[in-house]
There are 2 protein chains.
Amino acid sequence: MYFSESEENYIKEIYHIQAVQGTVSTNALAGALGARAASVTEMLKKLQKKKLINYKPYKNFSLTELGNRIALEVVRKHRLWEYFLVHKLGFSWHEVHDIAEEMEHVSSRELIQRLDHYLGSPAFDPHGDPIPDKNGKLKAVKQNRLTDVPLRKWVIVNALKEQGGNMHQLLKHYDIHIGTRLKVNKRFDFDSSLEIKMDKLPPAIISGEVAKNIYCTI
Amino acid sequence: MYFSESEENYIKEIYHIQAVQGTVSTNALAGALGARAASVTEMLKKLQKKKLINYKPYKNFSLTELGNRIALEVVRKHRLWEYFLVHKLGFSWHEVHDIAEEMEHVSSRELIQRLDHYLGSPAFDPHGDPIPDKNGKLKAVKQNRLTDVPLRKWVIVNALKEQGGNMHQLLKHYDIHIGTRLKVNKRFDFDSSLEIKMDKLPPAIISGEVAKNIYCTI
DNA sequence: GAATATTTTTAGGTAAACCTAAATTTTATT
DNA sequence: AATAAAATTTAGGTTTACCTAAAAATATTC
Ligand SMILES: [Mn+2]
Ligand SMILES: [Mn+2]
Ligand SMILES: [Mn+2]
Ligand SMILES: [Mn+2]
């Protein structure tokens, strides 16, 4: 069965929202895709006809088993290409999302099979997100928000979320990247900033803004 | 300036037809693209408005300087991806065209820059066709049709054209590939087959059908 | 050079993916 | 429970890229 680029983007986005919010609404999806609610409604009907989502008018919706499988395939393609861009072409992690957003729609299954093998079947993309394997299985690693981590406990950064701006400059300045070991010494409620401590470096203050996008293993 | 996937395909195809026929007509383009003449006319008007082609109704048309530049960029992307698919992912030369047909439309310039560097700035794609460099320059190597080559003269295969079917099986059977040294002993006008001689192999007969798609340096 | 054939364009449609504005349904508030 | 607010859908457009069938222009043939 053929799915258009738009259909793939919708399915993938439903998958992501479902993963973090548990439930998906027309407006949430419209927001995530930068589209208007009316456009989303139209597409929802199309996706339902293709048996990719469970949808009743005016109600929240969810992916069907099939929809989930397709979503995982697109996510797999996206993350494998991101891995390729960073580890083979030398891009930095914050530059690859938009390119992968296009490459994820190249349709050849054989291509992805071979790409995966060529990259050594990586389990995580450059942002620390798990790459679904051929069967859609994800290596489950808990991503704990740095803002919620217990005080004075050493943790390891395992994921960084891109948020539009150029947060990566800041992270580079602090020398925080995936694999960095650090602990949170204090949390300042006033501006929700944190004092963190990294090996061989004096304690540093980071804003809640940044901390929100840093995840780690406890 | 943005060009859609369709616009890129049209421009590239005009470039190819121009290269072999010298001149491009609505019907020729429609045939090459698998579209109807009416659709082509419509697109021609769009391409003219974008100053990519020189076009007068009912007349043959040609690429403008800008059109040529864009065409070369798409050709460059196509052939670099083909090279990647064969030399990095292990595809065989006859499997890569359709995949590259999709990948050539990924828009990032930086991506192609880096891909080129990663591949070692190759000058020829897996079919033996030259890859335009960043400035659109092509390494000119004369591709002589094996059917036209002088008799009893050793030549080297430098290009193989894919023609839908599975000619590659035949070529593999004869062990003919890019780089193969051979000479044409005889030409049989009756069915336009050729007797060829390769190093360390007894003479063999190949059909005109196949020979037409083999090119070499004299 | 007129008649015929071929090529190309125009006219009029369709489907996908978007949009705005208005109507409808659901949810929240008094 | 009635009303107000918010979310969602429907109605009616637009643009892109296709299509078929008919008309117009160009080329070929007698
Ligand atoms: Mn995408
Ligand atoms: Mn990622
Ligand atoms: Mn293409
Ligand atoms: Mn090629």
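Side-chain atoms are counted along with the backbone in the values below, which use heavy atoms only and exclude waters and symmetry mates. The sequence lines fix the lettering, A, B, ..., with proteins before strands; numbering per chain opens at 1.
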Send over the distance from B:L33 CG to D:dA17 P, rounded to a whole Å.
12 Å
Distance, rounded to the nearest Å, where A:N27 contributes CG and C:dT24 contributes P
19 Å
Considering only side-chain heavy atoms of A:K45, which listed nucleotide, D:dT10, C:dT9, D:dT8, is closest?
D:dT10
Pairing donors with acceptors under 3.5 angstrom, does anything connect the side chains of A:Q48 and A:K56?
no
Could you tell me whether A:S6 contacts a base, only the sugar-phosphate backbone, or nothing, with contacts defined as non-hydrogen atoms closer than 4.0 Å?
sugar-phosphate
Gap between atoms CZ and C1', on A:R36 and C:dA21 respectively (whole Å)
11 Å
Once you round it to whole Å, what is the distance between P of C:dA21 and CD of A:E42?
17 Å
Sugar-phosphate only, base, or nothing, as touched by B:T26 at under 4.0 Å among non-hydrogen atoms:
sugar-phosphate
B:A38, nearest nucleotide to its side chain (from C:dT10, C:dT8, D:dA11)
C:dT10
State which of C:dC18, D:dC18, C:dT8 makes the closest approach to the side chain of B:Y10.
D:dC18
Measure CG/B:L47 against C1'/D:dC18 and give the value in whole Å, please.
15 Å
Whole angstrom value for the distance that separates P of C:dA15 from NZ of A:K50
14 Å
I'd like to know if the side chain of A:H78 pairs up with that of A:H97 as donor and acceptor (distance under 3.5 Å, no hydrogens or angles considered).
yes
Please state how far atom CZ in B:F61 lies from atom P in D:dT26, giving the value in whole angstrom units.
16 Å
Among the nucleotides D:dA17, C:dC19, C:dT9, which one has an atom lying closest to any side-chain atom of B:M43?
D:dA17
Using a distance-only test with no angle check, is there a side-chain donor-acceptor pair under 3.5 angstrom linking B:T23 and B:Q18?
no
Checking side chain to side chain donor-acceptor pair (under 3.5 Å) between A:Y215 and each of A:R145, A:Q143, A:H127, A:K142, which is the one that passes?
A:R145
Side chains of B:H105 and B:E8: is there a donor and an acceptor less than 3.5 Å apart?
yes
How many whole angstroms separate atom CD of A:Q21 from atom C1' of D:dA7?
16 Å
Would you indicate which nucleotide in D:dT16, D:dT8, D:dA25 comes nearest to any side-chain atom of B:Y58?
D:dA25
Choosing from C:dA17, C:dT9, D:dT9, which nucleotide comes nearest the side chain of B:L44?
C:dT9
If you pin A:P57 and A:V40 to their nearest nucleotides in DNA chain C, which one's is more 5'?
A:V40
Can you identify which nucleotide, out of D:dC19, C:dT8, C:dT10, has its nearest atom closest to the B:A35 side chain?
D:dC19
Closest listed nucleotide, where the reference is the side chain of A:T41 and the choices are D:dA24, C:dT20, D:dT8
D:dT8
